[in-house]
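Side chains are part of it too, since the values below use all heavy atoms of this structure and drop only hydrogens, waters and symmetry mates. Chain naming here is simple, since letters A, B, ... match the order of the sequence lines and numbering starts at 1 in each.
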Amino acid sequence: MEVQFPDGRRLPAHPGISVGELLGTWSPEKARVALAALWNGKPVDLAFRVQEAGSLAPLTFEDRAGWEILQHSSAHLVAKAVVETIPEALPTHGPPTDDGFFYDFDVRPLTPSDLDAIDAAMRRSVEGRERFARREIGRASAEALFAKNPYKLRYLAEAPASEPVSVYDTGGFTDLCRGPHVPDTHWLEGVHLLGFSAITPDRPESRPLQRIRGVGFPTRAELARYLKIREEAAARDHRVIGQRQELFVFADHAPGFPFWLPNGMVIVRELEKFVTEHLRTASYSEIRTPLLFARSVFETSGHWDHYRENMFVSAIEGKEYGWKPMNCPGAMLIFGSRARSYRELPLRFAEFAPLHRYEPSGTLHGLLRVRELVQDDAHLFVTEDQIEPEMRVLLAWIKEAYATFRLDWSAELSTRPATFLGESADWDRAEAVLTRVLDGAGVAFRPSAGEGAFYAPKIDFHVRDSLGRPWQTGTIQLDYQMPRRFRLEYQGADGHLHTPVVIHRTILGTWERFVGVLTEHLAGRWPPWLAPVQVRVLPVTDAHGAAARGVADELSAEGLRAEVAPSDESLPKRVRAAELDRVPYVVVVGDREVADGSVSVRLRGSKAAQSMSRAEFLAHVAGKVRRREFEP
RNA sequence: GCCGCCAUAGCUCAGUCGGUAGAGCGGCUGAUUUGUAAUCAGCAGGUCGAGAGUUCAAUUCUCUCUGGCGGCUCCA
């Protein structure tokens, strides 16, 4: 029999030979880095023995599938260490995730010293080079083996009967597992525990499980590299930069309610201008509606039944009011405030109003998850025919907007949640429209079942923070329900009354979250158009103070944000401070510059200064700002 | 909200085996007038997150609360 390899070569093989040996004869170098293999496209252990002809390819840590195998093996190692450390702990399951692995246990709440002990036990296993040995056993003996672990028994019961039951032995520890695994625990030299937490049980009657999270690498060097990257990412944290650059603060007395500082407000206003320009060209009009509405409005909108646990509520004169968590009710009331004609449609109402949402205390996270937020929100009242053209404009605008910030984004299509308003037929139609629009625009998206708003399916846009955690920013929602519930109508060309369809949409999402993710994305190095201070002018000595003031005034007169750092500190110190403040342009004015009317310009992040005329510099900065260029 | 951890000067952090606290940076003042990532000196700043308990004595030990951090859940 013959075995085929990825480079096309075919080698003879005896039945019963292991894929590890086969890879070794094919390519010793590739076999050395292989942690598992693909046999006829299916992942298998290196110890797997082939019985007939087929195709074979190595799997390494660099392959996604190989990476996942190593994470999964790391999870087994954790389970082994936990059972050694806390014998009564019941392992449940331990899959790889997007960025590592976890293993959940039914066990008493863990402590940090448990984690140390678990880590030490893992080290011992790694040193011991314990093999991951596969055994296929009968269902009955598996049930006997895991008789004391109801979780494993459940997985056994749920596994298809046709599938053989396999277990893996690792240094005296046995776990139910389909595999495959790395050959031995020495492959897990770079395993690292990230922490533990209680996880909310999926069924209310069951006990909370303890989750241990970690990430595995085949070598200590690779782990060290990962830890270094994480450390650098922590320095980009928007909470750290926001403090350093004085963008925003929080107060104990108002948890989750951001206080925007002057520098942060500059950024917010610039972003506002950025989206408002589009509103003008795309024929939006702006509205402003109340922050509070009587309870009855939210009963009409459905918020009272479906969103109440996220709302702040106030009472006065015995009447209940809700703080609006979304802008839609106000827009609906304005649409319904007089008779409407089809000639007015599409009617696009933008509203950037503060919204209040009661977010549980444990979920608050700097600017990324707050209780008071402002969306760059709009509601588009359209006819059925206008849905797709409007959607296309929105998608194009979102792509363009995010490209301005060089943000990597991904899209999700979130469909009807467990409890939703209206009829399934409407949802089918709305979900189909969104799918068609996404496909038509060539936007790749991930379906996200059950994640839609209670009133509409939505396209969500996500960007990631410095640690790779995704955050939803923009959203486009297609709503058949709310206009009906508010009894909105317009008179059509046919003389009959029709209900409009509403598109709820945000482009950047909220100023809070967007500034948060943008801070991390940029590591605080704002493009000139967003920088709170665009130019800092440094006079070399007091004698150049007036000239420096003159340069700053000239820039300010052009609407640029310039300031002077007076000469009571040394020049190197002021240059350093400007660099740490991430000011895009540092201008030095001394004897030479005063003499010839020039400026010495240092661009952020560059060691070298360049000389240019004042007019030249002003034109340069003004142009960068006007065109919203990314780099100074 | 759930599990764990944390809370000392504006910031970053020492420290007190229970006897009310220090540094660097920042701030202020003075000297220095500086040519592209830190000039020197002095001074001011803290009921050690809040409340209660134990104690002769609590910033330190215990409990409760508040806020924050990492997860879970949730979400723009």
> Is Asp460(A) touching bases, backbone alone, or none of the nucleic acid, heavy atoms closer than 4.0 Å?
Replying inline: nothing

>> Categorize Gly195(A) for me: base, sugar-phosphate, or nothing, with a 4.0 angstrom heavy-atom threshold over every strand shown.
In response: nothing

> Can you tell which of U36(B), U33(B), G35(B) lies closest to the side chain of Val540(A)?
Replying inline: G35(B)

> Does Glu593(A) get its side chain close enough to the base of G35(B), under 3.5 Å, for a donor-acceptor pair?
Replying inline: yes

>> Of the listed nucleotides (A38(B), G67(B), U33(B)), which one gets closest to any side-chain atom of Ser570(A)?
In response: A38(B)

>> Which nucleotide, if any, forms a Watson-Crick or G-U wobble pair with G70(B), using both distances under 3.5 Å?
In response: C3(B)

> Where the side chain of Leu580(A) is concerned, which of A37(B), G35(B), G26(B) is the nearest nucleotide?
Replying inline: A37(B)

> What is the base-pairing partner of C65(B), counting Watson-Crick and G-U wobble geometry with both distances under 3.5 Å?
Replying inline: G49(B)

>> Given C72(B), U36(B), U33(B), identify the nucleotide with an atom nearest to the side chain of Asp542(A).
In response: U33(B)

>> Closest approach to the side chain of Pro572(A), judged atom by atom: which nucleotide of C75(B), G70(B), A38(B) is it?
In response: A38(B)

> With a 4.0 Å cut-off, would you call Arg576(A) and Glu579(A) a salt bridge?
Replying inline: no

> Applying a 3.5 Å limit to both distances, which nucleotide forms a Watson-Crick or G-U wobble pair with G42(B)?
Replying inline: C28(B)

>> Measuring only the C1' atom in each nucleotide, how far is G26(B) from A44(B)? A whole number of Å is fine.
In response: 13 Å

>> If you only use heavy atoms from C-beta on, which nucleotide in C75(B), G35(B), U73(B) is closest to the side chain of Arg357(A)?
In response: C75(B)

> Between Pro112(A) and Glu579(A), who's closer to the 5' end of RNA chain B by nearest nucleotide?
Replying inline: Pro112(A)

> For Asp596(A), does the CG atom have more than 12 heavy-atom neighbours from other residues, nucleotides or ligands under 6.0 Å away?
Replying inline: yes

>> For Glu231(A), I'd like to know if atom CD has over 12 heavy atoms of other residues, nucleotides or ligands within 6.0 Å.
In response: no

>> Expressed as a whole number of angstroms, how long is the span from Phe248(A):CZ to C11(B):P?
In response: 14 Å

> How would you label the contact of Thr510(A) with the nucleic acid (heavy atoms, under 4.0 Å): base, sugar-phosphate, or nothing?
Replying inline: base

>> Rounded to whole Å, how long is the line connecting atom OH of Tyr307(A) with atom P of C75(B)?
In response: 8 Å

> Across the strands shown, which category fits Val370(A) at heavy-atom distances under 4.0 angstrom: base, sugar-phosphate, nothing?
Replying inline: base

>> Before you tell me yes or no, could you show the steps for Trp427(A) and Thr415(A) under side chain to side chain donor-acceptor pair (under 3.5 Å), namely the whole-Å CA-CA distance, both residues' side-chain angles and the distance that decides it to 0.1 Å?
In response: CA-CA 8 Å; Trp427(A) 284 80; Thr415(A) 53; over 6 Å; no

> So, the side chain of Arg236(A) versus the backbone of Glu520(A): is there a donor-acceptor pair under 3.5 Å, distance only?
Replying inline: yes

>> Which nucleotide, if any, forms a Watson-Crick or G-U wobble pair with A57(B), using both distances under 3.5 Å?
In response: none

> Just checking Glu359(A): base, sugar-phosphate only, or nothing, at a heavy-atom cut-off of under 4.0 Å?
Replying inline: base

> For Glu232(A), does the CD atom have more than 12 heavy-atom neighbours from other residues, nucleotides or ligands under 6.0 Å away?
Replying inline: yes

> P atom, C11(B) versus A7(B): distance in rounded Å?
Replying inline: 15 Å

> In whole angstrom, what separates Phe196(A)'s CZ from C5(B)'s P?
Replying inline: 7 Å

> When you compare A9(B) with U62(B), how far apart are their C1' atoms, in angstrom units rounded to a whole number?
Replying inline: 28 Å

>> Given U36(B), U34(B), C69(B), identify the nucleotide with an atom nearest to the side chain of Ser600(A).
In response: U36(B)

> Rounding to the closest angstrom, what is the interatomic distance between A58(B) and A52(B) at atom C1'?
Replying inline: 12 Å

> Quick one: do Lys273(A) and Glu277(A) make a salt bridge, cutoff under 4.0 Å?
Replying inline: no

>> I'd like the P distance from U66(B) over to A50(B), given in whole Å.
In response: 15 Å

> How many Å lie between CD on Gln210(A) and P on G4(B), as a whole number?
Replying inline: 8 Å

> Tell me: CZ of Arg536(A) to C1' of A37(B), nearest whole Å?
Replying inline: 13 Å

> Taking the side chain of Arg576(A) as heavy atoms from C-beta outward, which of A38(B), G67(B), U12(B) is closest to it?
Replying inline: A38(B)

> G71(B), A37(B), C72(B): which one has an atom nearest the side-chain heavy atoms of Arg213(A)?
Replying inline: G71(B)

> Rounded to the nearest Å, what distance is computed from the CZ atom of residue Arg592(A) to the C1' atom of nucleotide G35(B)?
Replying inline: 6 Å

>> I need the NE2-C1' distance between His365(A) and C69(B), as an integer number of Å.
In response: 9 Å

> Just how far, in rounded Å, is P of C5(B) from CG of Leu194(A)?
Replying inline: 18 Å

>> Regarding A37(B), can its base be found pairing with the side chain of Arg602(A) as donor and acceptor, where the two atoms are less than 3.5 Å apart?
In response: yes

>> Within the 4.0 Å heavy-atom criterion, would you say Arg239(A) contacts the bases, only the backbone, or no part of the nucleic acid?
In response: sugar-phosphate

> Would you say the side chain of Arg211(A) and the base of C3(B) hold a donor-acceptor pair, judged only by whether the two atoms sit under 3.5 Å apart?
Replying inline: no

>> Would you measure the distance from the C1' atom in C28(B) across to the matching atom in U36(B) and give it in whole Å?
In response: 27 Å

> Any side-chain N or O of Lys573(A) less than 4.0 Å from the OP1 or OP2 oxygen of G26(B)?
Replying inline: yes

> To the side chain of Glu569(A), which of C11(B), C74(B), U39(B) is closest?
Replying inline: U39(B)

> Looking for any heavy atom pair under 4.0 Å, which part of the strands does Asn310(A) touch: base, sugar-phosphate only, or nothing?
Replying inline: nothing

> If you pin Arg371(A) and His544(A) to their nearest nucleotides in RNA chain B, which one's is more 5'?
Replying inline: His544(A)

> Does the His521(A) side chain pair with the main chain of Arg406(A), one donor and one acceptor, at a distance under 3.5 Å?
Replying inline: yes

> If we take the P atom in both C61(B) and U8(B), what is their distance in whole Å?
Replying inline: 15 Å

> At under 4.0 Å between heavy atoms, what does Thr475(A) touch on the DNA or RNA strands: base, sugar-phosphate, or nothing?
Replying inline: nothing

>> Strictly distance-based, threshold 3.5 Å: is any side-chain N or O of Gln481(A) a donor or acceptor partner for the main-chain N or O of Phe420(A)?
In response: no

> For G46(B), is chi within 90° of 0 (syn) or not (anti)?
Replying inline: anti

>> If I pick the P atom on A31(B) and the same atom on G22(B), what distance separates them, to the nearest angstrom?
In response: 30 Å

